[in-house]
There are 2 protein chains.
Amino acid sequence: MTDTRGEAIRLDGTGPVYDQIRRAIRDLILDGSWPPGTTVPPEHALMEQLGASRMTVHRALVQLAGEGLINRRRRSGTTVASPPASHAMLDILSIPDEVRRLGQVYGYDILSRQDGRPSAELAERFAVRRARPVAHLSLLHRGSGQPHVLEERIIHLDTVPDARTERFATTPPGDWLLQNSLWSQAEHAISAVAAASADAALLGIAPGEPCLLVERRTWNQEAPVTAVRLLYPGARHRFVGRFGPYGAV
Amino acid sequence: MTDTRGEAIRLDGTGPVYDQIRRAIRDLILDGSWPPGTTVPPEHALMEQLGASRMTVHRALVQLAGEGLINRRRRSGTTVASPPASHAMLDILSIPDEVRRLGQVYGYDILSRQDGRPSAELAERFAVRRARPVAHLSLLHRGSGQPHVLEERIIHLDTVPDARTERFATTPPGDWLLQNSLWSQAEHAISAVAAASADAALLGIAPGEPCLLVERRTWNQEAPVTAVRLLYPGARHRFVGRFGPYGAV
DNA sequence: AGTATCCAATTGCATATGCAATTGGCAAGC
DNA sequence: GCTTGCCAATTGCATATGCAATTGGATACT
């Protein structure tokens with residue numbers, strides 16, 4: 001169990017104390033200072049360190065547990081949780097998982113890779129600025145040999161410097177990024193397009209067939225991390241979600 | 001301000017008291033006993049009625065407020081909230097809103113309506129049983145005169161009996177159902193299909209063009225309420241969502 | 001009638017206190 | 001070594017109490 005918590009907890013003095021504590025700890029988790037598995041100090045320690053009553057500290061921790069950021073067990077204490085492997089909306093994040101959940105054998109090929117400043121056309125397609133260096137990759141993911149989805153991705157190399165030397169030989173970049181980079185926000189858009197002939201050939205479908213295009217961009221704080229376009233043969237894929245009138249179920 | 005709260009609050013004795021209170025009030029709201037706008041008794045009253053301390057009642061109410069089910073204001077008291085008009089995922093629920101958000105003038109036509117037990121083909125398409133009577137509708141929604149989306153819907157008449165006599169002359173069925181029926185859960189699936197020629201003609205696009213197909217089914221508790229298939233011209237539409245590693249942002 | 005003022009109802013927040021439940025780890029015994 | 005039982009650390013929950021902040025409505029005043 002990781003147990004190094006060098007950073008001191010700093011309250012910002014604005015708003016209720018319990019919320020200051022909640023935000024302070026949340027920030028330590030989200031910025032990576034307390035990685036998953038880290039032991040959070042027990043309530044008594046936080047109480048002394050922060051000069052708040054135990055119930056106030058408790059309230060902050062209970063909220064964080066409710067948000068899924070920490071796990072709490074009696075006697076064992078409180079630890080930083082790992083980001084959940086699957087949400088309804090996050091199920092599409094890991095393509096190997098997606099394929100295996102269908103009971104198929106996963107495989108992938110890197111079709112191309114090129115590093116450097118993006119061309120005008122590439123910058124346009126991914127809505128990024130041309131000044132920053134990126135890695136530009138194309139991949140084909142397969143399920144039991146059959147083409148599953150075509151991926152085109154850029155990775156911002158100054159946000160994720162380790163990606164410069166990573167070859168993605170054993171882990172596709174999407175999963176590698178989940179493990180080797182932090183992200184705080186993602187935006188995705190789903191649309192329907194007709195397959196261009198080059199893409200259709202790779203996916204083994206007829207040109208012009210309808211495909212689902214998932215475009216996703218992720219950021220850490222304000223810095224862009226990666227942007228990806230995933231092209232799914234429409235006849236074989238659908239995205240499913242569940243919710244209730246007041247939000248997710 | 002509505003203020004009739006006939007039902008007594010019943011605790012079920014299982015789990016923590018604050019959670020019993022939270023669930024009891026939540027259920028009164030979700031099953032319609034306390035419609036939006038109803039005044040929730042003040043903490044002191046609940047405290048006496050339920051035999052719990054004020055802080056315990058408070059904890060339950062604070063949680064419900066966090067879930068968006070109630071609104072609380074000092075001195076004014078606590079009232080049952082209206083279901084939010086828009087969530088990232090719910091933005092697609094009201095087509096008039098969707099159209100107006102694009103700055104267009106909304107309009108719609110009812111293309112057909114037929115009530116009765118569903119045919120085998122219809123039951124198959126919407127994954128419903130044939131035993132129950134439904135209303136079967138087709139509509140075309142327009143934005144500033146242009147076709148926006150083609151809707152095909154069934155409404156379960158024994159779950160929503162008022163729909164038998166409603167003509168949907170001024171409000172399309174999706175919005176009418178939001179106001180005139182309760183729902184606790186929805187499931188939607190998004191896929192890409194090629195436009196059939198009849199649908200293409202109605203949407204003003206070429207046959208075979210890619211379209212986004214949104215299929216949504218909603219239930220109240222276990223009872224099916226409605227099921228709808230929405231066909232969007234793919235070139236003109238995309239669905240956008242935002243989230244963070246621990247859930248919605 | 002209009003306006004300024006005050007009061008009281010209601011929620012928001014923090015503390016102090018006590019006991020219950022869980023369980024990791026130690027100690028004792030076999 | 002293995003098991004059993006106990007202890008203490010830690011979280012979970014409920015209560016009682018007090019004060020702060022907000023504000024609807026009454027009251028007093030012009």
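Because only heavy atoms are used, hydrogens play no part in the values below, and waters and symmetry mates are left out as well, while side chains stay in. Residue numbers start from 1 in every chain, and the chains themselves are labelled A, B, ... in the order their sequence lines are given, proteins ahead of strands.
There is no side-chain donor-acceptor pair under 3.5 Å between Q104(A) and H148(A). Side-chain contact of S94(A) with D175(A): a donor-acceptor pair under 3.5 Å is present, judged by distance alone.
Spacing between atom CG of N71(A) and atom P of dT23(C) amounts to 14 Å, rounded to whole angstrom units. Put simply, NE2 on H44(B) is 12 Å from C1' on dG18(D), counting in whole angstrom units. Between the CZ atom of R72(B) and the C1' atom of dT23(D) there is a distance of 15 Å, rounded to whole Å. The distance from atom CG of L46(A) to atom C1' of dT10(D) is 12 Å, rounded to the nearest whole Å. Counting to the nearest Å, the C1' atom of dT15(D) and the CD atom of E48(B) are 16 Å from each other.
Smallest separation of non-hydrogen atoms from L28(A) and D31(A): O-OD1, 3.1 Å. When all heavy atoms of A163(A) and L157(A) are compared, the closest pair comes out as CB-CD2, 3.9 Å.
Residues satisfying the ring pair (Phe, Tyr, Trp, His ring centres under 6.0 Å) test with F168(A), not counting sequence neighbours, are W176(A). With sequence neighbours excluded, the residues forming a salt bridge (Lys or Arg N to Asp or Glu O under 4.0 Å) with D158(A) are R132(A), listed by chain and number. Annotation: salt bridge (Lys or Arg N to Asp or Glu O under 4.0 Å) contacts of E215(B) (sequence neighbours excluded): R238(A), R229(B).
Looking only at distances, no side-chain donor or acceptor of T56(B) sits under 3.5 Å from a matching main-chain atom of Y18(B). Not one N or O on the side chain of E187(B) forms a donor-acceptor pair closer than 3.5 Å with the backbone of R217(B).
Contacts between residues 54-65 of chain A and DNA chain D, defined by a heavy-atom separation below 4.0 Å, involve R54(A), M55(A), H58(A), listed by number. The stretch residues 15-25 of chain B touches DNA chain D through P16(B), V17(B), Y18(B), each having a heavy atom within less than 4.0 Å of the strand.
Residues M55(A) and R59(A) form no side-chain contact, since every pair of their non-hydrogen atoms from C-beta on lies 4.5 Å or further apart. Proximity of P224(A) to V128(A): side-chain heavy atoms (C-beta onward) are nowhere separated by under 4.5 Å.
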Please enumerate all protein N or O atoms sitting under 3.5 Å from an N or O of nucleotides 24-26 of chain D, with distances to 0.1 Å.
residue	atom	partner	partner atom	Å
dG24(D)	OP1	R73(B)	NH2	2.9
dG24(D)	O4'	R75(B)	NE	3.2

